[in-house]
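Shown next, in C-alpha cells, is the structure this report addresses.
Both backbone and side-chain heavy atoms feed into the values below; hydrogens, waters and symmetry mates do not.
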Amino acid sequence: MVRVELQDQTATVVQEWDMGERVRALAEAPDGAIWVLEDGPGGRLLELTPV
C-alpha cells in the first residue's frame, strides 16, 4: 500500500507498507479509518486506524 501526496499534476510517494498479500480494495471510512480487503481464498477484511 502506498500513500501519496498530490500537488497540481505531481504525485509524490510519502509512505509505503508491505501488506504481505495482494490488496483487492481500499476504502476510507468517515472516521478516517482505512478498510483493506485482501485478495484470495484466505483474504481478510482489515480496519487500519491511526495510532
Side-chain angles (χ1 to χ4, degrees):
M1 185 166 54
V2 177
R3 183 171 77 90
V4 298
E5 286 184 355
L6 303 174
Q7 185 173 12
D8 300 320
Q9 298 294 318
T10 304
T12 304
V13 173
V14 178
Q15 291 178 301
E16 294 184 52
W17 298 272
D18 179 4
M19 299 302 292
E21 297 292 336
R22 181 175 171 204
V23 173
R24 176 173 286 283
L26 292 171
E28 182 179 1
D31 66 357
I34 303 294
W35 286 91
V36 179
L37 179 61
E38 293 177 338
D39 200 9
R44 300 173 295 170
L45 177 61
L46 307 170
E47 179 186 17
L48 307 177
T49 56
V51 208

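- Two residues are said to be in side-chain contact when any heavy atoms from C-beta on lie closer than 4.5 Å; Leu26 and Met1 meet this criterion.
- Annotation: Arg3, atom CZ; neighbour count of heavy atoms from other residues, nucleotides and ligands within 6.0 Å is above 12.
- If you chain together hydrophobic residues whose side chains sit under 4.5 Å apart, Ile34 and Met19 fall into the same group.
- By the rule that hydrophobic residues join a cluster once side-chain heavy atoms approach within less than 4.5 Å of another member, Leu6 and Val13 end up as members of one cluster.
- Connection of Val23 to Leu37 is not established within any shared hydrophobic cluster, with ILVMFWY side chains joined at heavy-atom distances below 4.5 Å, either directly or through further cluster members.
- The closest donor-acceptor contact from the side chain of Glu5 to the backbone of Thr12 lies at 3.5 Å or more, if one exists at all.
- Annotation: Gln7, atom CD; neighbour count of heavy atoms from other residues, nucleotides and ligands within 6.0 Å does not exceed 12.
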